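In what follows, a structure is listed as structure tokens, so that the remarks can point back to it.
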There are 2 protein chains.
Amino acid sequence: MAENSNRRDEVLETAIDLFSQRGYAGTSIRDIAKAINRSVSNVYHYFENKEDLWLAILEYSVKGLPDKLRNVAHGDGEPLDRFRRLLKAHLEASVLHQRESKIFFIDEERLSPKGKEINRRIQKEILDIYVEQLRILQSHGLVKTKNIKVLAFNMLGTINWYLRWYHARGGMSEEEVHEEIIAFVLYGMCGSDSSNDT
Amino acid sequence: MAENSNRRDEVLETAIDLFSQRGYAGTSIRDIAKAINRSVSNVYHYFENKEDLWLAILEYSVKGLPDKLRNVAHGDGEPLDRFRRLLKAHLEASVLHQRESKIFFIDEERLSPKGKEINRRIQKEILDIYVEQLRILQSHGLVKTKNIKVLAFNMLGTINWYLRWYHARGGMSEEEVHEEIIAFVLYGMCGSDSSNDT
DNA sequence: TACAAGATAGATCGATCGTTCTAGCATTAA
DNA sequence: TTAATGCTAGAACGATCGATCTATCTTGTA
């Protein structure tokens, strides 16, 4: 098969690096080529155009996230446990594809309608997963507020913001940080207790 | 004095609009000029260059935010009440300068070292205000976690994410949304109770 | 060997970028 | 009237953009 050559992946990796650092409009094809000592034509050999490159990044990183989260959310166990697992899976996927997710959230208006549509669809899907799960928790009396959508936005804000400030700093392990974030989402500032390690 | 002409402010307003929608690199001087049926030279008459325009936007919007928040945080009253007021002031300032704040958080790498420095300094100042206040709350036993900084990041994530999804939708008033966010920050998903309106 | 297909570089295209230059128009002061 | 100053438009600069074209070079296959 040899569907993915190493050389193609190198281009992709570099594009992820630069897009996540400088944004879509701020990164030129020449920048990408230069960064790996390749010619511009070489980039165009593997990808039709700039947006195609952008779509390819989504393809092998963020695009599968909604399905992944759905599977976790629809698993077995108590509702609150399932929700904890959802949060954990989301955080782990985020840190695994940190750079790509960053690109994903810089919703640059330069994309074609098709690109924007894909972008929005994925974000909408993730929001819907959270809303669905929160309604279940609500029916169990575990969530008191009526404004489920606002609550979902607040959670996604915390999780997505994590992408911006986290960069493997010392002191805390990745898992510790995740537990801290989950505790915040569930119990907020006043209830967040880091001595609780389950 | 006549320091600010209307014509200059029109340019500034348009730049805020376009920068917040398309990003810094994604907006050209020609775009701005065309949007108000003005010539390119006219933009350059009021602003030295593109980055100067960007700095001018910061100047009359986000730049004063740290001082504003500090004043609120250093006011009278119980620590937790002061913290509530801090959150409320932050949310109100965010929605007041929603577009400018959006620009501010798209940390485009295209800016000069000076521009990037200003950007980072303001964000750092705001973080420090939260960290300081949280340490006070911690010393009162109101915050249990040891990881104050992570907690501060989580809060700022919720608040800053608010800028992205809020656009005066129906159903809830601005104040209701703010109360909901404050409740989330303080008590999280499980404790958030929208029947509590103080 | 010969030929096809894939991979690469380099030159070049028209469009657009940030910026500058030149010149005209309006208003005000002397 | 004249001179100066602020505001405006339009042409043009060199640089860079995304994209294309042509021409090699490599590799595998028959």
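Please read all numbers here as calculations on a predicted model, not as lab measurements. Every chain is numbered from 1, with letters handed out A, B, ... down the list of sequences.
Distance, Asn37(A) CG to dT8(C) C1': 13 Å, rounded to whole Å. Computed from coordinates, the Tyr44(B) OH to dC13(D) P distance equals 17 Å when rounded to whole Å. We find that CZ of Arg38(B) is positioned 11 Å from P of dC7(D), with the value rounded to whole Å. As a whole-Å value, the separation of Asn42(B) CG from dG18(C) P is 16 Å. Here dC17(C) presents its P atom at 9 Å from NZ of Lys50(B), a figure rounded to the nearest Å. Whole-Å rounding puts the Trp54(A) CH2 to dG18(D) P distance at 16 Å. Rounded to whole Å, the distance from CZ on Arg22(B) to P on dT16(C) is 13 Å. If you measure from atom CG of Asn49(A) to atom P of dA19(D), you get 5 Å, rounded to the nearest angstrom.
OP1 or OP2 of dT8(C) has at least one side-chain nitrogen or oxygen of Tyr46(A) nearer than 4.0 Å. Under 4.0 angstrom from either OP1 or OP2 of dT8(C) there lies no side-chain N or O belonging to His45(A). Of the side-chain N and O atoms in Arg7(A), one or more sit less than 4.0 angstrom from OP1 or OP2 of dT8(C).
For Lys124(A) (side chain) and Asn119(A) (main-chain N/O), no donor-acceptor pair under 3.5 Å exists by modelled atom type. Asn147(A) contributes no side-chain N or O that, together with a main-chain N or O of Val150(A), makes up a donor-acceptor pair within less than 3.5 Å. Although no hydrogens or angles enter the test, the distance criterion places a donor-acceptor pair under 3.5 Å between the side chain of Gln98(B) and the main chain of Leu163(B). Distance alone, capped at 3.5 Å, places no donor-acceptor pair between the Arg99(A) side chain and the Ser20(A) backbone. Between the Arg164(B) side chain and the Gly157(A) main chain, no donor and acceptor come within less than 3.5 Å of each other. Ser139(A) contributes a side-chain N or O that, together with a main-chain N or O of Ile136(A), makes up a donor-acceptor pair within less than 3.5 Å.
Residues of residues 23-31 of chain A that place a heavy atom closer than 4.0 Å to DNA chain D, in numerical order, are Thr27(A), Ser28(A), Ile29(A), Arg30(A).
Cluster membership check: Leu91(A) does not share its hydrophobic cluster with Val72(A), using side-chain heavy-atom separations under 4.5 Å among Ile, Leu, Val, Met, Phe, Trp and Tyr.
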